[in-house]
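See structure below.
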Protein chains: 2
Amino acid sequence: MAGPHISSEEETKERTSGWIASLADRGYRITGSRRAVVDVLAESGTSLSPAEIYEQGRAVHKQLGLVTVYRTLEKLEELGLVQRVHRPDGCHAYIPALRGHEHLLLCEQCGRVEYFRGDDLSELSRRLEGESGYTIHDHWLQFFGVCSQCQ
Amino acid sequence: MAGPHISSEEETKERTSGWIASLADRGYRITGSRRAVVDVLAESGTSLSPAEIYEQGRAVHKQLGLVTVYRTLEKLEELGLVQRVHRPDGCHAYIPALRGHEHLLLCEQCGRVEYFRGDDLSELSRRLEGESGYTIHDHWLQFFGVCSQCQ
DNA sequence: GATATAATTGAAAATAATTTTCACTTAGCG
DNA sequence: CGCTAAGTGAAAATTATTTTCAATTATATC
Ligand SMILES: [Mn+2]
Ligand SMILES: [Mn+2]
Ligand SMILES: [Zn+2]
Ligand SMILES: [Zn+2]
């Protein structure tokens, strides 16, 4: 059971090419604008809003439009590659999506995002089902704190 | 350790008067508009968006304005009495705030909200602190399912 | 490599959600 | 009762997002 882990440069490069391949597989064309959005978000260790992706993406592809950032996020989300992060201070930023049974550890200062596995909430879940009469399908678990860089 | 629990009519009445008292204590005036917003949200078993509060609130106080709904929510939030709920499908709805160490169980169908206690994530939290170098301050835990009514 | 064509683009316009402005009203104190 | 600062709703302004549209371009086919 591996602990939370900042993605290495290797891994983010793989993520970038994987997302590009997924877009192509689905029949979407690979354009400079889409490449820019993918590059920026796949290689970011922190969550980014559409406006931030736009800003950073223009460094890669200067004619990038904000509209295309929205449109590309929509497609990446549909492919299950990115998702919104929910935070107390706002939920309009995106991250590489959780894969399988994963949860988040978030830095309150810098927005850094880490992924972890290995929680076991099945007992609690069963207890709640019994007490409430709900059929439980899913859960979210997020920890908030300050990363070592920010301390 | 009590299980999750739909608030009784008694309890929601108390919540309503408690919120009104808190607003008054803080020096805010008690108006028909504020009363309407408080009534609607304090007595609701489901999360409500500002527009829904506005709509329901007009049944209580017909000249209520949407602006005042926003302004009242802002004050109730500042007093720690209400908070936004975060859901996969959107985070613009409000609920009576969690009190102390509580978490949510949400119905995916009807929006019903239940509160529970008694999770223990301290071991997991310590493990993550050790592995990540973060100092963890807080966590969110939410279960999603279908309530007994909706099944 | 050239060509055809449907997908994609960015700018501008439209829409939706929220906030601000403002002239009028009123809750709550004396 | 009055006084007055706080609060109101309508309308305007702002912000985030989506839609429209004419021009461009990625890719399949030759
Ligand atoms: Mn889990
Ligand atoms: Mn907890
Ligand atoms: Zn940090
Ligand atoms: Zn339900």
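Chain letters run A, B, ... following the sequence lines, proteins first, then strands; residues in each count from 1. All of these numbers come straight from a predicted model, not from anything done at the bench.
Between A:Ser33 and C:dG10, a side-chain N or O to OP1/OP2 separation shorter than 4.0 Å is present. For B:Arg71 and C:dT18, the shortest distance from a side-chain N or O to OP1 or OP2 is not below 4.0 Å.
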Show the distances under 3.5 angstrom between N or O atoms of the protein and N or O atoms of nucleotides 25-27 of chain C.
residue: C:dA27; atom: N3; partner: B:Arg29; partner atom: NH1; Å: 3.0

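Residues A:Ser132 and B:Phe143 form no side-chain contact, since every pair of their non-hydrogen atoms from C-beta on lies 4.5 Å or further apart. In this structure, A:Leu124 and B:Asp120 have side chains that are not in contact, with every pair of non-hydrogen atoms separated by 4.5 Å or more.
Under the 3.5 Å distance criterion, with hydrogens and angles disregarded, a donor-acceptor pair is assigned to the side chains of A:His137 and B:Glu108.
Residue A:Tyr54 is the one, among A:Tyr54 and B:Val67, whose nearest nucleotide of DNA chain C lies closer to the 5' end (criterion: closest heavy atom). Heavy-atom nearest nucleotides on DNA chain D were determined for B:Leu66 and for A:Ala51, and the one closer to the 5' end corresponds to B:Leu66.
Neither B:Phe116 nor B:Val146 shares a network with the other; the hydrophobic side chains, linked directly or stepwise wherever heavy atoms of I, L, V, M, F, W or Y lie under 4.5 Å apart, form separate groups for each. A:Tyr134 and B:Leu141 fall within the same hydrophobic cluster, where Ile, Leu, Val, Met, Phe, Trp and Tyr residues are linked whenever their side-chain heavy atoms come under 4.5 Å apart, directly or through other members.
Judged purely by atom type and a 3.5 angstrom limit, B:Arg34 uses its side chain to pair as donor or acceptor with the backbone of B:Arg29.
In this structure, CD of B:Glu77 is placed 12 Å from P of C:dT18, rounded to the nearest angstrom.
The side chain to side chain contact (heavy atoms under 4.5 Å, CB included) test with B:Ser47 singles out one residue from B:Leu41, B:Ile95, B:Leu106, and that residue is B:Ile95.
The residues B:Glu9 and B:Lys13 are annotated as salt-bridged, a charged nitrogen and a carboxylate oxygen being separated by less than 4.0 angstrom.
Protein chain A contacts DNA chain D from D:dA16 to D:dT27, reading 5' to 3' and using non-hydrogen atoms of the protein with a distance under 4.0 Å.
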